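Everything below concerns the one structure shown next.
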Amino acid sequence: MWIDTHCHLDAHEFGGESAAQAALAREQGVSMIVIPAVETANFPVVAQLAASVDNGCYALGIHPIYVPHAGEDDLRVLREQVAAAMGDKRFVALGEIGLDFFIPMLTEPAMREKQIFFFREQLKIARDFELPVLMHVRRSQDVVLKHVRQIRPAGGIAHAFNGSFQQAQGYIELGFKLGFGGAMTFTRALQIRRLAAELPMDAIVLETDAPDIAPSWVHPGRNSPDQIPRIGAVLAELRGISVEEVASATTANAKQILPRI
Ligand SMILES: [Zn+2]
């Protein structure tokens, strides 16, 4: 069995096929797909999609790319909807939240501050409800680590991890897991492949980030959650262990960090 810890199954790229994609993944042994929200407008969409398939669960949060259009009222809505969702067994985390210092528009000083404000306020909601966080970390590893250290949510995942060994260690010390997916399937991705091969096995979870970050054999096409076993096979090869070991370890890691699954 496998878990896709980060998949935007509600994305428009899937057209009307989101449920069919979940079923296809299930046939490949993907027993759970975590669907993060990106803005308050799509909270009901991810909740309903997760409920409509056998192997779906969801997170609620405001993605850094959506912060420019968000207001403080969205944080109030988030807190209210998280409180309401605590009784829903498909609701598993706060996310997708984080900091993106790569996209130029998001790195202007005022927008940097707004991103940090939204990130910190969402970390506090996660802490208050003892929920893990699904984090988008792009050119912002050390700033993210600083705020997580200060606010201390109940763990989470640094998704699509692309930092240094030292930064990885920082997350691990805070009780976080690191998400690996399609990026490690490219032979030129030397640093990500070295991290995937050498980090402690109990720190690693698998993800697709579908429809994005397609693995090498799909690129530049649309990624999908049924790719998880083949992505897992790449991790097995990099680490010199069996595919079964990767499946059982990464599934156990995902369940440990997302205990509501
Ligand atoms: Zn994402």
Side-chain angles (χ1 to χ4, degrees), residues 2-14 18 21-22 25 30 32-43 45-47 49-50 55-70 74 78 82 90-103 105-106 115 118-119 122-123 126 131-141 144 148 153 155-163 171 176-185 192 204-215 218-228 231 250 254 257-258 261:
W2 302 89
I3 295 178
D4 184 350
T5 60
H6 198 110
C7 175
H8 296 281
L9 196 59
D10 61 311
H12 67 86
E13 284 89 339
F14 290 114
S18 296
Q21 288 290 337
V30 181
M32 193 53 79
I33 301 168
V34 183
I35 312 164
V38 294
E39 59 174 336
T40 52
N42 98 318
F43 289 179
V45 177
V46 295
L49 177 56
N55 51 342
C57 62
Y58 68 100
L60 297 178
I62 301 162
H63 190 293
I65 290 173
Y66 289 81
V67 162
H69 309 289
D74 290 297
L78 175 62
V82 164
R90 302 276 185 149
F91 173 62
V92 299
L94 213 292
E96 176 171 356
I97 67 172
L99 296 174
D100 191 313
F101 295 156
F102 174 73
I103 297 174
M105 188 262 291
L106 294 175
Q115 280 200 68
F118 271 76
F119 182 49
Q122 294 187 92
L123 286 175
L131 286 166
V133 290
L134 308 178
M135 299 197 310
H136 172 104
V137 190
R138 205 169 177 204
R139 298 261 175 101
S140 59
Q141 300 285 354
V144 163
V148 171
I157 298 169
H159 119 80
F161 183 70
N162 185 15
Y171 288 109
F176 276 65
K177 307 293 184 198
L178 307 164
F180 286 86
M184 74 178 159
T185 66
I192 288 177
I204 294 176
V205 293
L206 290 174
E207 60 169 67
T208 58
D209 199 26
D212 298 329
I213 320 190
V218 175
H219 191 80
R222 183 189 71 188
N223 197 5
S224 51
D226 60 310
Q227 296 295 335
I228 280 284
I231 291 169
T250 55
I257 203 69
L258 304 170
I261 280 186

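Small disclaimer: the values here were computed from a predicted structure and weren't measured. Both ligands and their constituent atoms are indexed starting at 1 by order of listing. Computation of the quantities below employed the complete heavy-atom set of this structure, encompassing side-chain atoms and omitting hydrogens, waters and symmetry-equivalent molecules.
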For this session: Return the set of residues passing ring-ring contact (aromatic ring centres under 6.0 Å, His included) with F118 (not counting sequence neighbours), or none when no residue passes.
Result: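 Result, ring-ring contact (aromatic ring centres under 6.0 Å, His included) vs F118: none returned.
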Which residues pass the ring-ring contact (aromatic ring centres under 6.0 Å, His included) test with F161, sequence neighbours left out?
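For F161 the ring-ring contact (aromatic ring centres under 6.0 Å, His included) partners, ignoring immediate neighbours, are Y171.
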Hey, what's the angle at the Zn ion (ligand 1) spanning NE2 (H8) and NE2 (H6), nearest 10 degrees?
->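 NE2 of H8 and NE2 of H6 make an angle of 100° at the Zn ion (ligand 1), to the nearest 10°.
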| task | Ignoring hydrogens and angles, tell me if any N or O in the side chain of D74 forms a donor-acceptor pair with the backbone of T40 under 3.5 Å. | result |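 Answer holds: no.
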- In E96, what N, O or S atom is nearest to the Zn ion (ligand 1), if we give its atom name?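 It is OE1, the N, O or S atom of E96 closest to the Zn ion (ligand 1).
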Flag the pair L99 / L106 as yes when at least one side-chain heavy-atom distance between them is below 4.5 Å, and no otherwise.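 No, too far: nothing below the 4.5 Å cut-off.
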**Prompt:** Does the shortest distance from the Zn ion (ligand 1) to an N/O/S atom of D212 fall below 2.8 Å?
**Reply:**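 Given the 2.8 Å cut-off, D212 does not count as a ligand of the Zn ion (ligand 1).
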